[in-house]
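In what follows, residues are counted from 1 in the order of the sequence shown. This is a predicted model, so every value here is computed, not measured. When a ligand or atom number is given, it counts from 1 through the structure's own listing order.
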Amino acid sequence: MFLSFETFLDNLDGVREQIAATCEEAGRPAESVALLPVTKSHPLDAALYAHKAGIMAVGENRVQEALGKIEQVDFDIGWELIGPLQSNKAKRAAQRFCRIQTVDRLKILNALQSHAQDADRELSILLQVNAGNDPNKAGVSIEEAPALLEAALQCSHLKVDGLMTIAPLSEDLKIARSCFSALRKCRDELESSFSVKLPELSMGMSGDMRLAILEGSTMVRVGTALYGKREYA
Ligand SMILES: *Cc1c(COP(=O)(O)O)cnc(C)c1O
């Protein structure tokens, strides 16, 4: 059975306490880290709970599943795509999501630009960087990130808010931490070489958010710690 709203609120308190404590440890204001609840694999109620708790957006990683929920939703909440996007789904993605966090190649970039233009909207994006050099993870390499950013900055209907990464799965937390630190360094270098602001660093999940916040995360994407275990990763 899906968890109750009361249990969700308890979990939310716990996650927010953890964020606040880590921010204090890092000497950062607690408001500097946003929480994106990840509702994938859960019923639409997961997004409703977030909405009722005053949260503005949730994350989904499968386009088809997310679009199904977006069709049904009758309350106001934004949807961020945090999973892979194929170009045959770019049109509906560009129309329906408030932000796409997983732009990692030119083909997707150009498809989103063209569909956002057709839809007459400005679409926010993050560039997904494979900062942990993980062969199992999507994302542009750190070396190729400048070229992708350069192209993205030329897209009239896309707004690049920053970068996103997923740390390699490993028992060794040092590996996640060095991935987060590499993403921040990559962001700093891109900001200075392109003279742009890339304020958003989307990094950290239920198991590694403390390290991500210590390394400068501005958005943690949290599923399990809010909603419990799910059917798939
Ligand atoms: C599923 C998912 C999350 C949330 O993971 P949890 O470990 O359940 O917090 C975060 N980011 C991405 C990209 C995901 O696919």
Considering only heavy atoms of [X], which atoms of ligand 1 have at least one such atom less than 4.0 Å away?
| X | value |
| --- | --- |
| Thr224 | 6 (P), 7 (O), 8 (O), 9 (O) |
| Arg221 | 4 (C), 9 (O), 10 (C), 11 (N), 12 (C), 13 (C) |
| Val222 | 9 (O) |

Practice item. Over all heavy atoms of both residues, which pair between Asn130 and Ala138 is shortest? Give the atoms and the distance, please. Key: CB-O, 3.6 Å
Check your understanding: Is there a nitrogen or oxygen of Met164 sitting under 3.5 Å from a nitrogen or oxygen of ligand 1?
Key -> no
Practice item. Answer with side chain, backbone, both or neither: which part of Asn61 has a heavy atom less than 4.0 angstrom from an atom of ligand 1? Key: side chain
Check your understanding: Can Gln101 be said to touch ligand 1, with heavy atoms closer than 4.0 Å?
Key -> no
Practice item. Mind checking ring pair (Phe, Tyr, Trp, His ring centres under 6.0 Å) for His51 and listing every partner two or more places apart, or none if nothing turns up? Key: Phe75
Check your understanding: Does the separation of the ring centres of Tyr49 and Phe2 fall below 6.0 angstrom?
Key -> yes
Practice item. Using a 4.5 Å cut-off on heavy atoms from C-beta on, say whether the side chain of Pro168 contacts that of Asn136. Key: no
Practice item. For atom 7 (O) of ligand 1, state which one of Ser206, Pro84, Gly223 supplies the nearest heavy atom. Key: Ser206
Exercise for review: Report the distance from atom CG of Leu126 to atom CE of Met219, rounding to the nearest 0.5 Å.
Suggested key: 8.0 Å
Check your understanding: Between the main-chain N or O of Lys229 and the side-chain N or O of Thr224, is there a donor-acceptor pair closer than 3.5 Å?
Key -> no
